[in-house]
Amino acid sequence: MEQIAYFWEQEDAEAVATRLNGVVRRGRFHGEDDDEDHPWLVVLQDTDHAVLDELLTEYDGWLETTVDEPASAPPPLPTAPKRLKRT
């Protein structure tokens with residue numbers, strides 16, 4: 001499962017990525033246009049939750065998890081036109 005940890009400081013994100021073999025990227029919030037307000041994020045794969053929680057507390061970060069759920073099948077299409085009035 002892919003996990004995304006967010007940090008406000010680049011140094012904090014790089015420190016966590018180094019310790020947990022993650023990838024540092026620059027995150028963006030929807031509707032934000034000021035580059036200074038965007039957090040740094042670390043993308044992690046299959047990380048020990050206890051260690052990650054400790055690092056999030058130490059570096060004042062937060063966590064989001066992404067779950068890849070399979071798309072549900074669409075409902076079946078009608079085979080004939082729908083009648084609105086009785087005849």
Going by the angle between their ring planes, with limits at 30° and 60°, are Tyr59 and Phe7 parallel, tilted or perpendicular?
perpendicular
Glu58, CD atom: more than 12 neighbouring heavy atoms under 6.0 Å:
yes
Can you list, pair by pair, the side-chain donor-acceptor contacts under 3.5 Å of residues 10-20, counting residues two or more places apart and other chains?
| unit_1 | atom_1 | unit_2 | atom_2 | d |
| --- | --- | --- | --- | --- |
| Gln10 | NE2 | Glu14 | OE2 | 2.9 |
| Thr18 | OG1 | Glu14 | O | 2.8 |

Which heavy atom of Arg26 sits nearest to which heavy atom of Leu41, and what is that distance?
C-CD2, 4.3 Å
Looking at every heavy atom in both Ala5 and Leu56, which two are closest together, and how far apart are they?
CB-CD2, 3.9 Å
dist Asp48:CG -> Leu55:CG (nearest 0.5 Å) comes out at 10.0 Å
How many angstroms lie between atom CH2 of Trp40 and atom CZ of Arg25, to the nearest 0.5 angstrom?
12.5 Å
